Amino acid sequence: MKKKSAFLFASLASISSLSAQGLYYIGQETNESIPLTWVAGASMIWDNNVTPLVTEGNPGFEDEVWSINPYVQASFTNVDPRTTINFYARAGVNYYLEDMEADGTDRTIPNLRFGFDLNHSVSPRLRFSSRNFLAYEMEPEFAVGISNDRTVDPYFFYSSDNSVGYRWTQRVGSYTGFGFTGYLGDTILADRKSWYLYHQMRYQLDQRTVLTAQYRYSAWSGDANDSTNHFITGGVEYRLSQNSVFVGSAGVQFRSVDNGDDSSSPFLEGSLRTQLTSAFGVRGFVRYSMEDFDTIQTNDGVNFFEYSDQQVLRIGLTGDYRLTPRLTGFGGFDLVHTMYDGGNQIDGTATDSGRSEDLINAYIGLRAKVNDALNVDCTINYTDSSSDFANNDYDRLRLSAGVSYTF
């Protein structure tokens, strides 16, 4: 029965908080401690469109720039019979070798990331979990699942998810939690923050399967209109094998927006981690929901509209394949499809609906292990955005080569 109880809690991915550290995240128990490890590295990047939202005829349109990105990072894991602690921190800088043409751009831009996870078993039945993340860097990663704006200045993003789990019987458990998240950007009316509460019931169907039912409430505020959301979902967490886990949920989302329309929509979220062979591993996610980021858009650069009904489909897949003991290939893609409805003009009376935007980001690369400490890598990344908003149409190619040393 111990194995059943362990899976009842260990498989927790808390679908409500998949974006806390990225949509690819699936909760898992760390089995062994890892001492404090340092990594120092640097990469050289060529970008053929460093300020992609700049439109034709303006300074910075399709500006090609080289940059150097040195960094240092530290990670640490401590595991004892009752408590698991994971810590990660990274500090770096983007230094552009020449001035960018777009207004408001800087040649030196800091990049900071920090993550801290804590799992503590108060007793065999009672568990506390906390997952925390913050970043100050250029351009949100698509896998984080927030803004898609490609800005000329850094953004600040933070999130925290905290929950208490209780095992009522050998098969029945629950998680009750709260969290908050926020995004501070440089685009018009971009700053947003939220807090949320959730309660999830869990039933151990068999050795591999946990069924879930969840209610979540979230409240958003900031520069744009405030909103509240109610989520009612049912889901499953299934361990395909020792190294493969799927977590998914589906249901309905009810949304209310100040100075906007109330609406409801299907909600879907899922994540997969699998090791297909000893050499080939894959991770993926899908999410369909009404979101509160990037709700402000402009059609002509002068008149801005806020869209109260913004439905977003996000799909991502990434994998790596060990070609030789020292050479690994990796690649992946992200797809973001956004539909805009319920638009009201800011400082005006006009309305707008029926617009959409498609963004595809794909990358491929190689990583070589020179020795136990030294690694080199190279990556090709291509992004294409096709939008009903003229300012958001662009394509972008980035080539990078880097080296890192672990000590």
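Not measured: the values here are computed from a predicted model.
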Count the heavy atoms of every other residue, nucleotide or ligand shown that sit under 6.0 Å from CG of Leu240, and state whether that count exceeds 12. yes
In this structure, are over 12 heavy atoms from other groups packed under 6.0 Å from Asn371 atom CG? yes
Do Tyr307 and Phe389 have ring centres separated by under 6.0 Å? yes
Over 60° means perpendicular and under 30° means parallel, so tell me whether Tyr196 and Tyr198 are parallel, tilted or perpendicular. parallel
Result for side-chain hydrogen bond (donor to acceptor under 3.5 Å, both in side chains) between Gln345 and one of Asp352, Asn303, Thr351 points to Asn303
Modelled atom types, side-chain donor and acceptor of Ser387 and Asp393, under 3.5 Å: no
Relative to the ring of Phe156, is the ring of Tyr158 parallel (under 30°), tilted (30 to 60°) or perpendicular (over 60°)? tilted
Is the Trp66 ring parallel, tilted or perpendicular to the Trp46 ring (thresholds 30°, 60°)? tilted
Does the side-chain hydrogen bond (donor to acceptor under 3.5 Å, both in side chains) test come out yes or no for Asn132 and Ser130, once each step is laid out? CA-CA 7 Å; Asn132 307 277; Ser130 179; 3.0 Å; yes
Think Arg367 forms a cation-pi with Phe330, using NZ or CZ under 6.0 Å from the six-ring centre and within 45 degrees of its axis? yes
Distance alone, cut at 3.5 Å: any donor-acceptor contact between the side chains of Tyr95 and Arg107? yes
Would you kindly check if the NZ (Lys) or CZ (Arg) of Arg216 is within the cone defined by 45 degrees around the ring axis of Phe231 and under 6.0 Å from the six-membered ring centre? yes
Salt bridge between Arg314 and Glu291, side-chain N to carboxylate O under 4.0 Å? yes
Any luck finding a side-chain donor-acceptor pair between Thr84 and Asn86 under 3.5 Å? no
Are there more than 12 heavy atoms of other residues, nucleotides or ligands under 6.0 Å from atom NZ of Lys369? yes
Leu197 atom CG: more than 12 heavy-atom contacts under 6.0 Å: yes
Cut-off 3.5 Å, side chains only: do Asp226 and Ser221 have a donor facing an acceptor? no
For the OH atom on Tyr321, are there more than 12 heavy atoms of other groups (residues, nucleotides or ligands in this structure) within a distance under 6.0 Å? no
